[in-house]
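Here is how names work: the chains are called A, B, and so on, in the same order as the sequence lines, proteins then strands, and each is numbered from 1.
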Protein chains: 2
Amino acid sequence: MAGQKAARRGGKNPEDKVGARNREKILRAAVDVFARKGLDGTRIQEIADQCGLPKANVYYYFSTKQEIYTHVIEHLLTGWDKAFEHITPDRDPREAIAVYVRAKLDYSRKHAAESRFFANEMLRGAHFLSKQQKLHMQRVTRERSAVVEGWVRDGKMAPVDARHFFIMLWAATQFYGDFEPLAANALEKSKLAKADYDAAADTITTIVLNGCGVSA
Amino acid sequence: MAGQKAARRGGKNPEDKVGARNREKILRAAVDVFARKGLDGTRIQEIADQCGLPKANVYYYFSTKQEIYTHVIEHLLTGWDKAFEHITPDRDPREAIAVYVRAKLDYSRKHAAESRFFANEMLRGAHFLSKQQKLHMQRVTRERSAVVEGWVRDGKMAPVDARHFFIMLWAATQFYGDFEPLAANALEKSKLAKADYDAAADTITTIVLNGCGVSA
DNA sequence: GTCTATATTTTGATAGAC
DNA sequence: GTCTATCAAAATATAGAC
């Protein structure tokens, strides 16, 4: 009986299923450990334990710890600007901003490990972010800031510094996922629930929309 | 000529100057390294290098790495609630909030290492914050939230969830110091200057004050 | 592709001379 | 109090059998 290896046609399995799945498992585990410990604080053994693979197998797929770290960054940055898609010139600023805040908070809650990993990398000085990745983020920020500046020019919202405006939204929305212990403690709860994120969305959107003169 | 040791009166120096100064040097260096690397990622050697002392001397003053970490936390928490002092019932909310935002941003800029250390500890799950320290933070947050709730009741500002309101202010103000690479990149600068913090203060206070109906 | 065993380096922590 | 030398444990990374 032919096993799962070399099934059907002889020779190598062209679909490369096993390798792809194991790489995925390693990267998923790595995001979580790196998020909590950073590059220097992370032990390969801990990544191995968390994904149920022997340490040597981790080294079979990635040759150094840094290589895993770099792959994780690459993987994460693909989704960094996703929420920005809501900020378009044709939309009403009121609706666009409200949806943007919800999307960012949603990401912070559902992908807390990724969000913390990114926060950790920034905290350390962003030394592993490539020049190209920084330029990409700059370009996207510039484009969406232009949209806000357009809204201001058209009198659709009060004048604000668009970049500082976005930084404020990032800060307010990332905080709940990244610094959950601090937020939970302030709310006198042991951990945050969906309802807390909803309350956060309400407070942030109310203040921000009112704050730039686009309230209902 | 009598040296600095055992000056004037014989026997031990009762002022214990040397020990105190070295402890200070170690803790100052430790804040910075812990802020960038976290507990697990920090090497005692790096702390020693940064304060110009041999590694063995660090162990003379502190017996384990964790002990240094705990001392740093203790030292930092004494100033955590400092800015809250501006939030008092007798003050005008408009002025109190504006001063609070400036004070937090100032701390974020001038004590970036301390701020990042704290952020790092939260990111890792706040496992080294004692129950007592958490309760202190809860109490202070509760007290100042009551002040905001009082302002709302008196019709001095629009209704907001006071705790989420404070979380938003913490987030917006800490962001610049903690995640400087991200903020600087968004502003297309290599690093933040005092002027950028001023612009941040303007944007935050304008939006927040407008946002809760206490604008000029 | 998987996994045990191990080589090599680094690190937390200590001993003991000054 | 200071500092060199060093131990014991842990970590990165590799070898090589299956």
Side-chain angles (χ1 to χ4, degrees), chain A residues 1-30 33-34 36-72 128, chain B residues 2-30 32-34 36-72 128:
Chain A
M1 292 172 245
Q4 291 179 325
K5 285 178 185 171
R8 292 258 165 86
R9 19 185 172 188
K12 279 190 285 194
N13 182 350
E15 298 177 47
D16 223 46
K17 277 280 171 53
V18 181
R21 275 190 52 240
N22 278 342
R23 274 170 178 275
E24 264 304 311
K25 278 207 278 187
I26 293 167
L27 289 174
R28 241 203 320 278
V33 183
F34 281 138
R36 283 183 291 111
K37 311 280 186 87
L39 176 62
D40 303 296
T42 291
R43 307 294 98 140
I44 296 284
Q45 186 65 60
E46 203 171 342
I47 294 179
D49 289 346
Q50 187 145 331
C51 65
L53 251 49
K55 191 171 66 165
N57 285 34
V58 174
Y59 276 106
Y60 175 76
Y61 290 105
F62 299 94
S63 54
T64 64
K65 187 161 72 164
Q66 257 207 46
E67 196 188 317
I68 306 179
Y69 195 84
T70 310
H71 270 250
V72 171
F128 295 95
Chain B
Q4 292 179 320
K5 285 177 187 174
R8 293 259 164 86
R9 21 184 171 190
K12 277 190 287 193
N13 183 350
E15 298 177 47
D16 223 44
K17 278 280 171 52
V18 182
R21 275 190 50 242
N22 279 341
R23 274 168 178 276
E24 264 305 309
K25 280 207 278 188
I26 292 167
L27 289 174
R28 242 202 318 278
D32 186 61
V33 184
F34 281 138
R36 284 183 290 109
K37 311 279 185 86
L39 176 62
D40 303 297
T42 291
R43 306 293 99 138
I44 297 284
Q45 186 65 60
E46 203 173 340
I47 294 179
D49 289 346
Q50 187 143 332
C51 65
L53 252 47
K55 191 171 68 163
N57 285 34
V58 175
Y59 276 105
Y60 175 76
Y61 290 104
F62 298 94
S63 54
T64 64
K65 186 161 71 163
Q66 257 206 46
E67 195 188 318
I68 305 178
Y69 195 83
T70 310
H71 270 250
V72 172
F128 294 94

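- Here Glu46(B) does not pair with Lys55(B) in a salt bridge; the nearest charged N to carboxylate O distance is not below 4.0 Å.
- Per the geometry, CZ belonging to Arg23(A) stands 12 Å off P belonging to dT2(C), to the nearest Å.
- Whole-Å rounding puts the Asp49(A) CG to dT12(D) C1' distance at 15 Å.
- Nearest nucleotide to the side chain of Val18(A), out of dG12(C), dG1(C), dT4(C): dG1(C).
- Backbone-only contact: Lys65(A) has heavy atoms under 4.0 Å from sugar-phosphate atoms and none from a base.
- Here the CZ atom belonging to Phe62(B) is positioned 12.5 Å from the CG atom belonging to Asn57(B), to the nearest 0.5 angstrom.
- Both Thr42(B) and Leu53(A) lie near DNA chain C, and the one whose nearest nucleotide falls closer to the 5' end is Leu53(A).
- Between the OH atom of Tyr60(A) and the P atom of dG16(D) there is a distance of 17 Å, rounded to whole Å.
- The side chain of Thr64(A) approaches dA13(D) more closely than any other nucleotide in the set dA13(D), dG12(C), dC3(C).
- When the side-chain nitrogen and oxygen atoms of Asn57(B) are compared with OP1 and OP2 of dT4(D), none of them lie within a distance under 4.0 Å.
- Atom CZ in Phe62(B) sits roughly 16 Å away from atom C1' in dG12(C) (whole-Å rounding).
- Atom P of nucleotide dT12(D) and atom CD of Glu46(A) are separated by 10 Å, given to the nearest angstrom.
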May I have the step-by-step check of side chain to side chain contact (heavy atoms under 4.5 Å, CB included) for Gln50(B) and Ile47(B), ending in yes or no? CA-CA 5 Å; Gln50(B) 187 143 332; Ile47(B) 294 179; 5.9 Å; no
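- The side chain of Arg43(A) contributes no N or O atom lying less than 4.0 Å from OP1 or OP2 of dA10(D).
- What separates CD of Gln45(B) from P of dT9(C) is a distance of 18 Å, to the nearest Å.
- Residue Ala56(B) has its side chain nearest to dA15(C) when only dA13(C), dA15(C), dT2(C) are considered.
- Summarising the geometry, the separation between NZ on Lys55(B) and C1' on dT2(D) is reported as 16 Å, rounded to the nearest angstrom.
- Between Thr70(A) atom OG1 and Phe128(A) atom CZ the span is 7.0 Å, to the nearest 0.5 Å.
- Atom-to-atom, CD1 of Ile44(B) to P of dA9(D) comes out at 19 Å; the value is rounded to the nearest Å.
- At dA13(D), one or more side-chain N or O atoms of Tyr59(A) fall inside 4.0 Å of OP1 or OP2 (strictly under the cut-off).
- In this structure, Arg28(B) does not pair ionically with Asp32(B), as no charged nitrogen and carboxylate oxygen lie closer than 4.0 Å.
- Nucleic acid contact for Tyr61(B): sugar-phosphate only, since backbone atoms but no base atoms lie under 4.0 Å from a heavy atom of the residue.
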